[in-house]
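A short write-up of the structure that comes next.
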Amino acid sequence: MAFENFVVVVEERIALVTINRPQALNALSRAVLEELDEALDQIESSSGVDAVILTGEGKAFVAGADIAEMRGMSAEEGRAFGVLGSRVFRRIERFRIPVIAAVNGFALGGGCELAMACDIRIASDKAKFGQPEVGLGIIPGFSGTQRLPRIVGASKAKELIFTGDMIKADEALAIGLVSKVVPPEELLPACRALAAKIGKNASGAVAYAKAAVNRGLETDIETGMELEQNLFGLCFASADQKEGMGAFIEKRPASFVGK
Ligand code: HXC
């Protein structure tokens, strides 16, 4: 399927999804969010993908939600827009396969929120992060007030949200907002290497691990532990558990089938 605002290329079991609206610094309009949802549909329906890498064309990852489109919104329309973005981002968070954000440049407002919905964030040393919404008379609306404090802690999250300050990649690394910073030319190779490494493992186990971590972070530890124990048990119903342990005992590389 061809998209207006995205380029999706699947190579070596990795889907590279590039937001392609550089003339507006990849700003998230309703149309962009709806297409992102469709790109996820396409990836979900193809069985040959182990991981997704999400990046932006040009000098921005995403410079935020589309301010020109939001400008005239009513309260009702503003709410619906927040619901749309939050639903698509939640889908990324719950996507069965890992989603890696390759943050190539500005990740502001909705762009920072999009990166935070991904499982792992790797940044170019040119990337800049921030939640500048209060300077526009709004607040983060794609779940940034919820994810940022969960990732960096309440004090730093409130500092960033209340000031609207932009931070560079090295500070984002220091506060745990990204897990690695690399030179721009190494960004996609680093993300591909990470995706390929994940792809070598049992995909069902990776999916269960993702669900256990994410859902566990959203609940009390007892419930999280119970979920982990149930998913751990379910692993033993898979062919890949038999293969992984068999390969270890037989001193040979495992050959997983994804079941
Ligand atoms: C619409 C945007 C945009 C945005 C940039 N553009 N960001 N259009 N929405 N969020 C457009 C500019 O208007 C301009 O269009 C073109 O992209 C290039 O941007 P410049 O500003 O000329 O580039 P530069 O001088 O390099 O500055 C880069 C920048 C700046 C610092 C990132 O563009 C900026 O501050 N952008 C807005 C960042 C922001 O406030 N984001 C949060 C949005 S609110 P023209 O046509 O003039 O060339 C949000 C809420 C999320 O995200 C929740 C919603 C529910």
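All ligand and atom numbering here is 1-based and tracks the order in the structure.
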For [X], counting its heavy atoms only, list the atoms of ligand 1 lying under 4.0 Å from any of them.
X: Met70; result: 44 (S)
X: Leu136; result: 40 (O), 43 (C), 44 (S)
X: Leu108; result: 32 (C), 38 (C)
X: Lys59; result: 23 (O), 24 (P), 26 (O)

In the complex you have, is [atom] within reach of the protein, judged by whether a heavy-atom distance drops under 4.0 Å?
atom: atom 34 (C) of ligand 1; answer: no
atom: atom 22 (O) of ligand 1; answer: no
atom: atom 46 (O) of ligand 1; answer: no
atom: atom 12 (C) of ligand 1; answer: no
atom: atom 25 (O) of ligand 1; answer: no
atom: atom 52 (O) of ligand 1; answer: yes

Handout entry: Minimum-distance protein heavy atom relative to atom 2 (C) of ligand 1
Key = Ala24 O, 3.8 Å
Handout entry: Protein heavy-atom partner closest to atom 55 (C) of ligand 1 - residue, atom, separation in Å
Key =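 The closest one turns out to be Phe142 CE2, 3.3 Å.
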Exercise for the section: Evaluate side chain to side chain donor-acceptor pair (under 3.5 Å) for Thr55 paired with Thr18, printing each intermediate quantity in order. Expected result: CA-CA 5 Å; Thr55 194; Thr18 306; over 6 Å; no
Practice task
Check step by step if side chain to side chain contact (heavy atoms under 4.5 Å, CB included) holds for Val52 and Ile43.
Solution key: CA-CA 8 Å; Val52 178; Ile43 294 165; 4.0 Å; yes
With respect to [atom], which of [options] exhibits the smallest heavy-atom separation?
atom: atom 20 (P) of ligand 1; options: Asn26, Val134, Leu25; result: Leu25
atom: atom 16 (C) of ligand 1; options: Gln23, Glu133, Arg21; result: Gln23
atom: atom 7 (N) of ligand 1; options: Pro22, Gly130, Ala63; result: Ala63

Taking the side chain from [X] and the backbone from [Y], do they hold a donor-acceptor pair closer than 3.5 Å?
X: Asn104; Y: Gly58; result: yes
X: Asn214; Y: Glu93; result: yes
X: Glu171; Y: Lys168; result: no
X: Glu243; Y: Ser255; result: yes

Applying a strict 4.0 Å limit to heavy atoms, is [X] in contact with ligand 1?
X: Glu113; answer: yes
X: Gln131; answer: no
X: Pro132; answer: yes

Practice task
Let me see the working for Arg21 and Glu35 under salt bridge (Lys or Arg N to Asp or Glu O under 4.0 Å), right down to the final yes or no.
Solution key: CA-CA 12 Å; Arg21 200 191 173 206; Glu35 275 200 353; over 6 Å; no
Practice task
Check whether the ring centres of Phe232 and Tyr208 lie less than 6.0 Å apart, and answer yes or no.
Solution key: no
I'd like to check whether [X] has a polar contact with ligand 1, where a contact means an N/O of the residue lying under 3.5 Å from an N/O of the ligand.
X: Ala68; value: no
X: Ile67; value: yes
X: Ala65; value: yes
X: Gly110; value: yes

Using distance only, find each side-chain donor-acceptor pair of residues 181-189 under 3.5 Å and give its atom names and separation, not counting sequence neighbours.
none

Handout entry: Ionic contact status for Lys128 with Asp165, cut-off 4.0 Å
Key =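 Lys128 and Asp165: not salt-bridged.
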Practice task
Answer yes when Arg87 and Asp37 have at least one side-chain N-carboxylate O distance shorter than 4.0 Å, and no when they do not.
Solution key: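 Salt bridge present between Arg87 and Asp37.
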Practice task
Write down the atom of Cys112, the atom of Leu177, and the distance for their closest heavy-atom approach.
Solution key: SG-CD2, 4.4 Å
Problem - Where Thr219 and Gly224 come nearest, the two heavy atoms and their spacing - result: CG2-N, 3.7 Å
